[in-house]
Protein chains: 2
Amino acid sequence: MTRSEENYLKTIFHLGGSKTTTPITTNAIAEQMETKPSSVTDMAKRLSEKGLVNYKKYQGVSLSELGIKTALNIIRKHRLWEVFLVRKLDFTWDEVHEVAEQLEHIKSEKLIDKIDELLGFPKYDPHGDPIPTKNGDIDEQGYDKQLLSELPVGTKGTCVAVKDSSVPFLQYLDKHGISIGKTIHILGKEVFDGSLHLRVGNREHTVSQQIATNLYLQSK
Amino acid sequence: MTRSEENYLKTIFHLGGSKTTTPITTNAIAEQMETKPSSVTDMAKRLSEKGLVNYKKYQGVSLSELGIKTALNIIRKHRLWEVFLVRKLDFTWDEVHEVAEQLEHIKSEKLIDKIDELLGFPKYDPHGDPIPTKNGDIDEQGYDKQLLSELPVGTKGTCVAVKDSSVPFLQYLDKHGISIGKTIHILGKEVFDGSLHLRVGNREHTVSQQIATNLYLQSK
DNA sequence: ATTATTTTTTAGACAAATCTAAAAAAAGGT
DNA sequence: ACCTTTTTTTAGATTTGTCTAAAAAATAAT
Ligand SMILES: [Mn+2]
Ligand SMILES: [Mn+2]
Ligand SMILES: [Mn+2]
Ligand SMILES: [Mn+2]
């Protein structure tokens, strides 16, 4: 299992390749990974050869049982390392992803099990994403969360996850005092552009629809 | 800087390639890395191209200033990770090397600085080897240590380092209750084969010369 | 000083992972 | 149905890192 193969499996999983419904197109994978479709075709063949994906020419790619198990194991490592970086080394949530992209490829079952133990077997990573268990179970839904943009005016809820984990988005949230665990109150909605008026703690802000479609709340 | 390049630099350093006295032969590097001399020649050219080593055909290889700095940085990471694994994750000293071989290639200055801080800026790794500082200083000698085999009968000292860090050797030491910090008393020496009679704690053992040439004591 | 041996380098091949350009297949439009 | 556009694959090239076999240089032995 090379690093590149692992990255492909992870990407295919994130694009929904674990469902047997619609296979993932080579183009979609190429775009996500910032590579060329021809490179994806090559890798699709190699992964198929190894029994990690189902691939038939012009039909796209889906993960095999083994492929899903492997992808979840990498995602588990990625998210556990993210928790470690935040909780034990005081990294901020916008700094962890880049380093975790490297750490997720370290091959040592004992290492990740010990990290898991050190952290007290966390269920969610710093972005609110669920951490798969050692035997590959994942709570896909996580909390019964809903996008901020889909909730009616007047709703009060707790921020439980972000959909977009990019550095600029996370820094935007920091700047506005929004983080996981914060209580958010939807005060109003602008019909013209879908922007929302919020109360976060004791501050009030207006946020664009783009922001609202990338924040998950657990309403109460 | 690729992983392979980093491994070559580290190996050259460990073979004494930071001294300008005698360059390291391609054969010596090949043997140490369990690869072929022709592969080493190829890499020597590439590293020379990048200004990391001095290399002239048939003359062997030595590290440049930049090469030394780079090698020490990798060794620093390797040894800090070893300390982390032992102190924070309860790894034994014979388990850490293999995992550290992977972790030493993680590229994040912040990560290793934070690990260093978490550990309280340790000076020695679990095998008694000195940890280079952030700016590339290393206490080559470490303690004023001497090989057990070079000390006279009657000497009493503290075990401060091992020369060989291989799994079988470390497990041998564990089995005989020998670890870093333990007091060792040289009770006698067999002239025939150089084996030593020792007291370690309250136990007495006879150890072969091969063992004695791989254990460092600080005599007192 | 030649010859023989050992060490080191070169030449050529291969696998992994990528790219560009061209060909083939699929999907869309009239 | 036929033509056009988009998607996907193939063909051929490139880089890194490795190997084997052969050539060249350096060392050692007679
Ligand atoms: Mn991440
Ligand atoms: Mn995450
Ligand atoms: Mn080590
Ligand atoms: Mn060590």
Side-chain angles (χ1 to χ4, degrees), chain A residues 1-13 15-17 21-63 66-67 70-71 74 101-102 104-107, chain B residues 1-13 15-17 21-63 66-67 70-71 74 101-102 104-107:
Chain A
M1 191 80 314
T2 71
R3 173 172 303 220
S4 190
E5 286 170 344
E6 291 185 346
N7 283 331
Y8 274 94
L9 291 180
K10 200 178 49 154
T11 300
I12 296 165
F13 183 92
L15 290 172
T21 52
T22 10
I24 312 302
T25 66
T26 48
N27 257 13
I29 298 166
E31 194 176 355
Q32 183 74 22
M33 297 187 74
E34 296 182 59
T35 183
K36 302 292 164 183
S38 56
S39 304
V40 178
T41 302
D42 280 357
M43 184 56 88
K45 287 175 185 168
R46 249 172 304 178
L47 292 173
S48 174
E49 208 60 44
K50 296 193 179 188
L52 291 158
V53 304
N54 311 113
Y55 169 67
K56 263 175 281 166
K57 275 191 191 183
Y58 299 103
Q59 308 254 95
V61 176
S62 66
L63 294 171
L66 179 61
T70 310
I74 303 158
E101 284 291 304
Q102 299 180 61
E104 72 189 4
H105 300 291
I106 300 288
K107 280 160 188 60
Chain B
M1 190 81 313
T2 70
R3 174 174 300 223
S4 190
E5 285 170 345
E6 291 185 346
N7 283 332
Y8 273 94
L9 292 180
K10 201 178 49 151
T11 300
I12 296 165
F13 184 92
L15 289 172
T21 52
T22 10
I24 312 304
T25 65
T26 47
N27 257 12
I29 298 166
E31 195 176 354
Q32 182 73 24
M33 297 187 73
E34 295 181 63
T35 183
K36 301 293 165 184
S38 56
S39 305
V40 178
T41 302
D42 281 357
M43 184 55 88
K45 287 176 185 167
R46 250 175 306 197
L47 293 173
S48 175
E49 209 60 46
K50 296 195 179 185
L52 291 158
V53 304
N54 311 113
Y55 169 66
K56 263 176 282 166
K57 275 191 191 182
Y58 299 102
Q59 307 254 96
V61 176
S62 67
L63 294 171
L66 179 61
T70 309
I74 303 157
E101 284 291 304
Q102 299 180 61
E104 71 188 5
H105 299 291
I106 301 288
K107 280 159 188 60

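Order of the sequence lines sets the chain letters (A, B, ...), proteins ahead of strands, with each chain counted from 1.
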Seminar exercise, completed: Contact string for nucleotides 5-12 of chain C, one letter per nucleotide 5' to 3', B = base within protein heavy-atom range under 4.0 Å, S = sugar-phosphate only, - = neither, reads --SSBB--
Distance check needed: [N] [atom2] versus [X] [atom1], whole Å only.
{"X": "Glu5(A)", "N": "dA15(C)", "atom1": "CD", "atom2": "P", "answer": "15 Å"}
{"X": "Met43(A)", "N": "dA16(C)", "atom1": "CE", "atom2": "C1'", "answer": "8 Å"}
{"X": "Asn7(A)", "N": "dT18(C)", "atom1": "CG", "atom2": "C1'", "answer": "14 Å"}
{"X": "Arg3(B)", "N": "dA16(C)", "atom1": "CZ", "atom2": "C1'", "answer": "15 Å"}
{"X": "Lys36(B)", "N": "dA21(D)", "atom1": "NZ", "atom2": "P", "answer": "10 Å"}

For this session: Give a yes or no answer on whether the side chain of Gln32(B) reaches the backbone of Thr11(B) with a donor-acceptor pair at less than 3.5 Å.
Result: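 Side chain of Gln32(B) to backbone of Thr11(B): no pair is present.
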Between [X] and [N], is there a contact of a side-chain N or O with OP1 or OP2 at under 4.0 Å?
{"X": "Thr2(A)", "N": "dA16(C)", "value": "no"}
{"X": "Ser4(A)", "N": "dA16(C)", "value": "no"}
{"X": "Tyr8(B)", "N": "dT18(D)", "value": "yes"}
{"X": "Arg46(B)", "N": "dT16(D)", "value": "no"}

For this session: Check the surroundings of atom CD in Glu31(A): do more than 12 heavy atoms from other residues, nucleotides or ligands lie under 6.0 Å from it?
Result: no
Side chains of [X] and [Y], heavy atoms from C-beta outward: is any pair under 4.5 Å?
{"X": "Thr41(A)", "Y": "Tyr55(A)", "result": "yes"}
{"X": "Leu52(A)", "Y": "Met1(A)", "result": "yes"}
{"X": "Met43(B)", "Y": "Leu47(B)", "result": "yes"}
{"X": "Asn7(A)", "Y": "Glu104(A)", "result": "yes"}

